**Student:** 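Input: one structure, supplied below.
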There are 2 protein chains.
Amino acid sequence: MSGLDQTDLAILRILAADATRSAAEIGRSVGIGQSAAWRRIRKLRESGILAGRRVVVDNAALGFGVTVFLGVRLAAKGRTSLDEFERAVTAIPEVQTVQHVLGQFDYRLRIIARDISDFERILRRRIMTLPGVGQVEANVMLSEERLPGPLGALG
Amino acid sequence: MSGLDQTDLAILRILAADATRSAAEIGRSVGIGQSAAWRRIRKLRESGILAGRRVVVDNAALGFGVTVFLGVRLAAKGRTSLDEFERAVTAIPEVQTVQHVLGQFDYRLRIIARDISDFERILRRRIMTLPGVGQVEANVMLSEERLPGPLGALG
DNA sequence: GTTGAAACTCACGGTCC
DNA sequence: GGACCGTGAGTTTCAAC
């Protein structure tokens, strides 16, 4: 029970699609005034539902054209080995995301490389030398599509 | 060969962490004026490196506390079966990201659910009934950490 | 809950060094 | 490249309904 009405959901959908829209414009789209729209946006921010704004950086435009997803299974699991692995993996600059997961693997990593041979270097020198690394599985990304997600499932 | 200097990289790092910072504020942080900082930001936008602004929506605050990563292998692969699968999977509201990948799986999905039993419903009713689905592997996310990525690897 | 209007800040452009 | 200075637009707050 988040206490959100249809207007709040409509505002969230608009902002999720394009964060540059102004409060006045959003208000017009959902049928309320600029001030009312702004207050709702502030409330969404204060409630933690809107958890910040980020720019989208095009890694390919920066010369990093290869994205690889890596499933990592640790050889030995323990409290210390998880901490140790996380500390070491977050220090690798090519690692963009670290996800601690449950299932066949213990961690999922999103890795950015300039090209495939650059990725091989990262895998051999950086990843395979991490403390406690066991089985590793790689998937090279061809394309990615983001969808509205839960905002589409609500209302 | 992007023609970026240290100041551009510093601006990118600041914006990647928090897109609400103003040009004047950023300029102060990197040692240039408001107008110069703004001109650099516009250039980064025009060159495609800054590819948009997004709000971060906290799914847990919306009542969707479970995130699952799903590797999907298609039973039969062909141009039509890829198109057909993508069309069907993007229509599922709980699917937040669709990644076409190369490797053990053909697709990686990021799925948002209210809880584990909600995820089971999505898996049985929505995912397993998709056209051409073969092997499926799930990983439940415990925690996620985003890192600077390539911005940390440059300069 | 709403509107309307202040005051302030910012984005954006022009101009000159 | 850089700083400096306008202008119009957007944000944020406040008073009133």
Side-chain angles (χ1 to χ4, degrees), chain A residues 1-64 146 148 150-151 154-155, chain B residues 1-59 61-63 146 148 150-155:
Chain A
M1 287 332 297
S2 338
L4 300 182
D5 60 14
Q6 293 302 319
T7 305
D8 288 319
L9 285 175
I11 290 173
L12 277 176
R13 287 199 191 93
I14 292 170
L15 279 176
D18 178 11
T20 66
R21 303 278 296 273
S22 72
E25 214 177 338
I26 292 171
R28 233 174 293 124
S29 297
V30 302
I32 60 177
Q34 170 268 137
S35 195
W38 184 84
R39 220 161 341 96
R40 281 173 183 266
I41 294 169
R42 183 180 58 179
K43 202 161 192 175
L44 289 169
R45 222 184 310 124
E46 286 169 351
S47 74
I49 292 172
L50 284 179
R53 303 172 105 95
R54 294 232 183 93
V55 292
V56 181
V57 176
D58 185 340
N59 293 314
L62 282 173
F64 291 81
R146 284 164 204 279
L151 292 174
L154 287 169
Chain B
M1 274 301 299
S2 333
L4 301 181
D5 61 13
Q6 293 301 319
T7 306
D8 288 319
L9 286 173
I11 290 173
L12 277 175
R13 288 198 192 94
I14 291 170
L15 281 176
D18 177 13
T20 66
R21 303 278 296 274
S22 71
E25 216 177 337
I26 291 170
R28 233 172 293 126
S29 297
V30 302
I32 59 178
Q34 171 265 139
S35 198
W38 182 82
R39 224 177 281 273
R40 281 173 180 268
I41 294 169
R42 182 180 59 178
K43 202 162 193 176
L44 290 169
R45 222 185 310 123
E46 286 168 352
S47 74
I49 293 174
L50 284 179
R53 303 172 109 88
R54 293 231 183 95
V55 293
V56 182
V57 176
D58 184 340
N59 293 314
L62 282 173
R146 283 165 206 276
L151 293 174
L154 288 168

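As the structure is a prediction and not an experimental result, all values here were calculated from the model. We use all heavy atoms of the structure for the numbers below, so side chains are in, but hydrogens, waters and symmetry mates are not. Here is how names work: the chains are called A, B, and so on, in the same order as the sequence lines, proteins then strands, and each is numbered from 1.
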**Student:** Donor-acceptor pairs under 3.5 angstrom involving side-chain atoms of residues 11-23 of chain B: please list them, not counting sequence neighbours.
**Tutor:**
| unit_1 | atom_1 | unit_2 | atom_2 | d |
| --- | --- | --- | --- | --- |
| Arg13(B) | NE | Leu151(B) | O | 2.9 |
| Arg13(B) | NH2 | Leu151(B) | O | 2.8 |
| Arg13(B) | NH2 | Leu154(B) | O | 2.9 |
| Asp18(B) | OD1 | Thr20(B) | N | 3.0 |
| Asp18(B) | OD1 | Thr20(B) | OG1 | 2.7 |
| Asp18(B) | OD2 | Thr20(B) | OG1 | 3.2 |
| Arg21(B) | NE | Glu25(B) | OE2 | 3.2 |
| Arg21(B) | NH2 | Ser29(B) | OG | 3.1 |
| Ser22(B) | OG | Glu25(B) | N | 3.2 |

**Student:** Say you draw a straight line from CG of Leu9(B) to CD1 of Ile49(B); how long is it, rounded to the nearest 0.5 Å?
**Tutor:**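 CD1 of Ile49(B) is found 8.5 Å from CG of Leu9(B).
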**Student:** At under 4.0 Å between heavy atoms, which parts of nucleotides 5-17 of chain C does protein reach? Answer with one letter per nucleotide, 5' to 3': B base, S sugar-phosphate only, - none.
**Tutor:** -----SBBBBB--
**Student:** Using a 4.0 Å cut-off to any heavy atom of chain A, which nucleotides of DNA chain D are the first and last in contact, reading 5' to 3'?
**Tutor:**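 Endpoints of the contacted stretch of DNA chain D: dG10(D) to dC14(D).
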**Student:** Listed by chain and number, what are the salt bridge (Lys or Arg N to Asp or Glu O under 4.0 Å) partners of Arg146(A), not counting sequence neighbours?
**Tutor:**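 Arg146(A): salt bridge (Lys or Arg N to Asp or Glu O under 4.0 Å) contacts with Glu144(A).
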**Student:** Run the side-chain donor-acceptor check on residues 33-41 of chain A: report pairs under 3.5 Å with partners two or more places apart or on a different chain.
**Tutor:**
| unit_1 | atom_1 | unit_2 | atom_2 | d |
| --- | --- | --- | --- | --- |
| Arg40(A) | NH1 | Asp5(A) | OD1 | 3.1 |
| Arg40(A) | NH1 | Asp5(A) | OD2 | 3.2 |
| Arg40(A) | NH1 | Asp8(A) | OD1 | 3.0 |
| Arg40(A) | NH1 | Asp8(A) | OD2 | 3.4 |
| Arg40(A) | NH2 | Asp5(A) | OD2 | 3.4 |

**Student:** If every non-hydrogen atom of Ala51(B) is compared with every non-hydrogen atom of Asp58(A), which pair is closest and at what distance?
**Tutor:**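 Nearest heavy atoms, Ala51(B) then Asp58(A): CB-CB, 4.3 Å.
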**Student:** Quick one: which residue pairs count as a side chain to side chain donor-acceptor pair (under 3.5 Å) with a foot in residues 46-57 of chain B, not counting sequence neighbours?
**Tutor:**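 For residues 46-57 of chain B, and leaving out neighbouring residues, there are no side chain to side chain donor-acceptor pair (under 3.5 Å) pairs at all.
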